[in-house]
Amino acid sequence: MTDASAAAQRAASIPLIVGADAGPRSAGARPDEDLLEGLNPPQREAVTYRGPALLIVAGAGSGKTSVLTRRVASLLRTREAWPSQILAITFTNKAAGEMRERVEALVGESARGMWISTFHSACVRILRREAEQFGFTKSFTIYDSGDSRALIKRLVKEHEADAFGLTPAATQSKISKLKNELADAESYARSANMSDPAERVFVELFGAYQRELQRANAFDFDDLIGQTVFLFRAFPHVADVYRRRFRHILVDEYQDTNHAQYALIHELTRPIGSDAPPLAGAGGMMIFEPDPADDPDKAGASLTVVGDSDQSIYAFRGADIRNISEFERDYPGARVVLLEQNYRSTQNILTAANAVISNNFDRKDKKLWTDVGAGEQIIGFTGYSQHDEAQFVADEVEVLRRTGLDYSQMAVFYRTNSQSRALEEIFIRSAVPYKIMGGTKFYDRAEIKDALAYLVAVSNPADEMALRRIINRPRRGIGDVTIETISRYAQDEGITFRDALANSSALGVGPKIQAAIAHLDAVLAEASEIMLPASGELAPPTAVAAGLQLLLTKGGYYDALRASKGAQDEARIENLDELVAVAREFARNNPEGTVLDFLTEVALVSDADDLEDASGSVSLMTLHTAKGLEYDAVFVTGVEEDLIPHRISAGEPGGPQEERRLFYVGITRARKRLYLSLAMTRAQFGEVTVAMPSRFLQEIPNELMHWRQSPGDVNSRGGTQSRALNARRQSGSGFGGSGGGQRYGDDLVPLPRSARREPGAIDRFANKIPAKVRDNGDMELAPGDRIRHDDFGEGRVDAVTGEGAKRVAHVRFDSAGPKKLLIKIAPISKL
DNA sequence: CGCTCGTCCATTTTT
DNA sequence: TGGACGAGCG
């Protein structure tokens, strides 16, 4: 490592030299002095340390982004690096955009030329340049998980693999996991138990899948990383190009990198020109022999990684926490800087967060602290149903709003996307402006995928999947039979599916179908002239939008939608118009952008409208999406067993711990106010189930919490009338009308309030929450039984539906009328 | 070949 | 609850 330390010394000495001619800045000061303003000592070190490897362990809210951007700015300001020598990897496109902005704000124009992007975007850029090296073309398609699922589904069917328990979903996830480990079909076969027929079939599928991708000139998400690693290993001279170029590599959210990403970084930071040609296809194992690169000019790039193992929440998709915990072993001599001071939250919030996360064993103890004071207590609330819970959130949002807090400073988190429904309903009804972040379905809509498939069909004629998708959309009378005919013809003639379309007359299909094929072929050809001018000249910026417009119009897509009277078809047209608008916008931002660039962007930017600001509205998102964000007020909803921790995680090794980290991430997003809410009952899959408070709630010290309504309050006598029903009236808004119980007629009837308790008394439930839940045990009820309800009085059971804890009694009360009650928890007794 | 209706299915997190 | 898919009919 002498070379490395030499490089470190060299690098470290530069600022001092440069400092002498710091130009406009005050004489003698470091040119990056202003960048260090307001930083605490560890932060300063994180910005100024120079060496081959630096690990910044950055607790939540410790100013990590600020440190990272200043470090980049400092490198530029001191002329230690040209912008083009910097590669900064972030986890999301949004984070990349923000980082670029912040660096630009610090150093201005000179930020241009830096690569600041996600792993995936960076790899696409590299692959577009180098694809020809190994049997792809630069027009390759990027398959998103839906595309690859479709392909896998077809292969599973062809191989009759489901007979071996290989469902498309299982196959896809297994392949993905393997690719994240840099394994391919061959290397996997070597280690697999091939006497197991299911394994043999899987290997077969894996291999076929990969061949199909190659044939289609396509990469799936995992390939973008894995194939780049493969490229670097198989072609050292190519790798050297990038090693020479990127002298400073920074990786954010390092705890969430998977093995392939780790390997990519490792390849990029190796000394230049020192590769022993690796064995092709040697997936899986990596050997890092110390490279005797004596020439300091060949030293590897300097690497900075930032992360927090307490915030590792992507193990389920291959993130390997060891990448960060063993960083010092992988990069001997690495400097480690710890950022523990928190600049975001109040001490109460941090204490709660520390308390929760400390229940994870096998972690380095780390305690966030702040000097801003204790702050407000954490508010707890238990709703009767998820609607009730949502109404609490909506009401509280309004209260906060009236105290002057902007909507954009509030966020609501949930574990699963499906939970957003109830929130949305209530927010709409309560006229609370909101915006759902992430999970944008725009690019998942069928019509959008169709439209994009048209573009792919033009830009990457090898992509048969895209062609198959659009060949009969809109309906052209080309069914499976015809498709098979075309496919066979192509195979016989040794041409591509796309080229077969151009020979429609030779296919031997009926005249009507032949004409349809010829027409489609002509439209595709015309569009390709617009978007891909032959003679190497650049297409005009408008080409993508124009080509798309043409495809949709002449392809008959618009007409078909207009002709149909389906209710959603109008919306589909609007969505397509929106896509065209997106293409125009893209052209404005990227005057030289090609159709490929456009497709890349939409493939990798999952939620394009994330870039739009959410100003003026409350943000709703999953806990995963929340990572890296912060808000003055945060609502974590659905804090229930089986939700967080999610029930599926229970069986998986490390699952509950990861769930705890997820909860921790949610808590630590809050600056000033934190709300934790749950519901006693939750309707999922159309069934009402009884929910139990999350175990994580009990890990928060009592004195930090103020329960507006504890789980005990809801079911012990009295309960509350659903806030969803009465809150509006309480808050004096004129919104009462829609309130009545009828709105919830199909829902379980909330328990009306008979006696109001002093809320917030924590001693009574003392977080021994589950014990407080009313439980009627296995009370047996049958039609005809008479029962007494604490609030509704006496009634007669009409029917009993459901099973176990979900049994529901349909009761006709003498005075209160018909109600549905969950037998297990309703305050009832048999007469 | 296309459409409708019915069934059945599955429901974690995402670049 | 609702979304996806298959069988069966027009």
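Every chain is numbered from 1 and lettered A, B, ... according to where its sequence line falls, protein lines coming before strand lines.
The side chain of A:T92 places no N or O atom within less than 4.0 Å of a non-bridging phosphate oxygen (OP1 or OP2) of B:dT14. At the phosphate of B:dT14, OP1 or OP2 sits under 4.0 Å from a side-chain N or O atom of A:T625. The side chain of A:N417 contributes an N or O atom lying less than 4.0 Å from OP1 or OP2 of B:dT13.
Taking a cutoff of 4.0 Å between a charged side-chain nitrogen and a carboxylate oxygen, A:D597 and A:R128 do not qualify as a salt bridge.
Remark: A:F663 engages A:F696 in a ring pair (Phe, Tyr, Trp, His ring centres under 6.0 Å) (not counting sequence neighbours). For A:A422, the side-chain contact (heavy atoms from CB on, under 4.5 Å) partners two or more places apart in sequence, or in a different chain, are A:Q386, A:H387. Residues passing the side-chain contact (heavy atoms from CB on, under 4.5 Å) test with A:S459 are A:V595, A:L596, A:L599, sequence neighbours excluded. Listed by chain and number, the residues in a ring pair (Phe, Tyr, Trp, His ring centres under 6.0 Å) with A:H120 are A:F221 (sequence neighbours excluded). Among residues two or more places apart in sequence or in another chain, the ring pair (Phe, Tyr, Trp, His ring centres under 6.0 Å) test is passed with A:Y489 by none. With sequence neighbours excluded, the residues satisfying ring pair (Phe, Tyr, Trp, His ring centres under 6.0 Å) with A:F246 are A:W115.
The distance between atom CD of A:Q386 and atom C1' of C:dT1, rounded to the nearest whole Å, is 11 Å. Here C:dT1 presents its C1' atom at 11 Å from NE2 of A:H387, a figure rounded to the nearest Å. For A:F91 and B:dT14, the CZ to C1' distance is 7 Å, given to the nearest whole Å. Nucleotide B:dT14 holds its C1' atom 11 Å from the CG atom of A:D222, rounded to whole Å. The distance between atom CG of A:N258 and atom C1' of B:dT13, rounded to the nearest whole Å, is 15 Å. The NZ-C1' distance, from A:K177 to B:dT12, rounds to 12 Å in whole Å. Protein atom CD1 of A:I225 is 8 Å distant from nucleotide atom C1' of B:dT15, rounded to whole Å. In this structure, the NE2 atom of A:H120 is 9 Å from the C1' atom of B:dT14, given to the nearest Å.
Defined by atom type and a distance below 3.5 Å, a donor-acceptor pair is present between the side-chain atoms of A:Y557 and A:D450.
For B:dT12, its base never sits under 3.5 Å from the side chain of A:H646 at any donor and acceptor pair.
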Let me have the donor-acceptor pairs involving side chains of residues 147-155 of chain A, under 3.5 Å, with sequence neighbours excluded, atom names and distances please.
residue: A:D147; atom: OD1; partner: A:K449; partner atom: NZ; Å: 3.3
residue: A:D147; atom: OD2; partner: A:D144; partner atom: N; Å: 3.1
residue: A:S148; atom: OG; partner: A:S145; partner atom: O; Å: 3.3
residue: A:S148; atom: OG; partner: A:Q172; partner atom: NE2; Å: 2.9
residue: A:R154; atom: NH2; partner: A:E212; partner atom: OE1; Å: 3.3

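Classification of the A:Y631-A:F413 ring pair by plane angle, with boundaries at 30° and 60°, yields perpendicular.
Judged by closest nucleotide on DNA chain B, A:I483 is the one of A:I483 and A:I313 placed further toward the 5' end.
Nucleic acid contact class of A:T482 (heavy atoms, under 4.0 Å, all strands): sugar-phosphate only. Among the protein residues, A:Y314 comes within range of the sugar-phosphate backbone only, with heavy atoms under 4.0 Å from sugar or phosphate atoms but none that close to a base. Within 4.0 Å of A:T416, counting heavy atoms only, lie sugar-phosphate atoms of the nucleic acid but no base atom.
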At a cut-off of 3.5 Å, list every protein nitrogen or oxygen paired with a nitrogen or oxygen from nucleotides 2-8 of chain B, distance to 0.1 Å.
residue: B:dG2; atom: OP1; partner: A:G477; partner atom: N; Å: 3.2
residue: B:dG2; atom: OP2; partner: A:N472; partner atom: ND2; Å: 3.4
residue: B:dC3; atom: OP2; partner: A:R475; partner atom: NH1; Å: 2.6

Identify the pairs formed between an N or O of the protein and an N or O of nucleotides 2-6 of chain C at a distance under 3.5 Å, and give each distance.
residue: C:dC5; atom: OP1; partner: A:K153; partner atom: NZ; Å: 2.3

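Here B:dC1 is the nucleotide among B:dT15, B:dT14, B:dC1 with the atom lying nearest to any side-chain atom of A:V481. Checked against B:dT12, B:dT13, B:dT14, the side chain of A:F316 finds its nearest nucleotide in B:dT13.
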